[in-house]
Amino acid sequence: QKEVEQNSGPLSVPEGAIASLNCTYSDRVSQSFFWYRQYSGKSPELIMSIYSNGDKEDGRFTAQLNKASQYVSLLIRDSQPSDSATYLCAVNMGRLKVAQFYFGTGTSLTVIP
Amino acid sequence: DGGITQSPKYLFRKEGQNVTLSCEQNLNHDAMYWYRQDPGQGLRLIYYSQIVNDFQKGDIAEGYSVSREKKESFPLTVTSAQKNPTAFYLCASTVQGRATNEKLFFGSGTQLSVL
């Protein structure tokens, strides 16, 4: 069974702190991993993608991937109130040249001013 | 501007009624997807299509139907057989739906509620 698991939270951090979001996945041969941000009542917005083990940084966001542990994380540095949203982890678990994206239930983040 | 357009934003269904959600994209993407999102749950795949006139069932296809007559369009019909249709429906697309490094982009969503 193909699963993506996240801690649903809620996670609260003070403004300026680092927020750490975690995700595990069941399919050992998955190759691509994504983080989406979703504001209440809105559609998910892609903020990070990562394909290789290690860290990938983009502005205040850093994605970390460890395929051996089947673990992917998202760090948000200098958290801002505008970062308050639900963060969805997604994994492409497709086979035979068919991309199939599986999503976790999301982690709700609140940044306290 | 390129993007994925979903309409309507809000839709109400009466018992026994079929309703159709529209999804149009001008990104020239081959692959299109329909997801359902319930409060506190992740996105669940309903149907996907990699090419015109072909589509495949996802994990929760029962009570839904789709068509793909044009590359740009992938409408979803919620039939009367779907007994619990209240949810946020999201249409998405990728370039081909085949490569491992493809990214999935979403439309703005349709909130369907039962009267």
Side-chain angles (χ1 to χ4, degrees), chain A residues 1-10 21 23-52 56 58 63 65 67 85-108, chain B residues 3-10 21 23 25 27 29-51 54-61 87-113:
Chain A
Q1 189 169 352
K2 298 179 179 179
E3 293 183 336
V4 178
E5 295 190 356
Q6 296 180 250
N7 186 333
S8 62
L21 307 167
C23 173
T24 58
Y25 58 94
S26 61
D27 187 42
R28 296 187 63 84
V29 299
S30 296
Q31 297 293 317
S32 49
F33 309 86
F34 309 90
W35 283 99
Y36 288 82
R37 177 175 61 198
Q38 186 176 26
Y39 294 112
S40 180
K42 303 295 185 183
S43 63
E45 173 193 10
L46 180 65
I47 56 172
M48 289 291 288
S49 60
I50 187 166
Y51 309 108
S52 303
K56 178 182 178 182
D58 183 1
L65 175 62
K67 291 185 180 179
T86 296
Y87 289 80
L88 301 171
C89 174
V91 181
N92 182 354
M93 297 186 185
R95 292 287 186 275
L96 300 176
K97 296 186 178 180
V98 177
Q100 289 192 326
F101 299 84
Y102 286 80
F103 288 79
T105 55
T107 298
S108 175
Chain B
I4 304 169
T5 302
Q6 289 187 244
S7 62
K9 185 167 182 159
Y10 300 98
L21 285 61
C23 178
Q25 55 97 0
L27 300 168
H29 285 177
D30 286 331
M32 298 185 74
Y33 304 75
W34 275 106
Y35 287 89
R36 168 178 173 146
Q37 186 176 33
D38 294 277
Q41 296 195 31
L43 279 66
R44 293 183 290 169
L45 181 63
I46 305 173
Y47 269 98
Y48 65 97
S49 169
Q50 291 179 288
I51 195 170
D54 187 49
F55 47 83
Q56 305 297 327
K57 293 182 179 180
D59 299 319
I60 56 164
F88 190 45
Y89 290 85
L90 289 158
C91 179
S93 71
T94 64
V95 175
Q96 289 187 324
R98 290 181 170 81
T100 57
N101 63 347
E102 291 194 46
K103 300 173 184 177
L104 190 67
F105 297 97
F106 288 90
S108 56
T110 294
Q111 176 63 52
L112 175 62
S113 303

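Letters A, B, ... mirror the listed sequences (proteins, then strands); counts begin at 1.
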Self-check item: Minimum heavy-atom distance B:Ser108-A:Ser43, with the two atoms named
Solution: CA-OG, 3.8 Å
Quiz item: For B:Ile51, does the CD1 atom have more than 12 heavy-atom neighbours from other residues, nucleotides or ligands under 6.0 Å away?
Solution: no
Exercise. Show the numbers, then the answer: is there a side chain to side chain contact (heavy atoms under 4.5 Å, CB included) between B:Gln50 and A:Val98?
Key: CA-CA 8 Å; B:Gln50 291 179 288; A:Val98 177; 3.6 Å; yes
Exercise. May I ask you to name which of B:Gln6, B:Gln96, B:Lys103 has the most heavy-atom pairs under 4.5 Å with chain A?
Key: B:Lys103
Quiz item: Quick check, are the ring centers of B:Tyr35 and A:Phe103 under 6.0 angstrom apart?
Solution: yes
Practice problem: Can you tell which part of A:Phe34 gets under 4.5 Å to a heavy atom of chain B, answering side chain, backbone, both or neither? | Solution: side chain
Quiz item: Which region of B:Gln111, side chain (C-beta onward) or backbone (N, CA, C, O), has a non-hydrogen atom less than 4.5 Å from a non-hydrogen atom of chain A, or is it both or neither?
Solution: neither
Practice problem: Drop me the distance from A:Tyr102's OH to B:Asp59's CG, to the nearest 0.5 angstrom. | Solution: 4.5 Å
Practice problem: Specify which of A:Pro44, A:Cys89, A:Gly104, A:Ser49 makes the most heavy-atom pairs with chain B at under 4.5 Å. | Solution: A:Pro44
Quiz item: Given the rule in the side chain to side chain contact (heavy atoms under 4.5 Å, CB included) test, do B:Phe106 and A:Gln38 qualify, once you have shown the distances and angles that lead to the verdict?
Solution: CA-CA 11 Å; B:Phe106 288 90; A:Gln38 186 176 26; over 6 Å; no
Quiz prompt | Sidechain-backbone polar pair: A:Tyr36 side chain, B:Leu104 backbone, donor-acceptor under 3.5 Å | solution = yes
Self-check item: Pairwise distance CD(B:Gln37) to CG(A:Leu88) - rounded to 0.5 angstrom
Solution: 6.5 Å
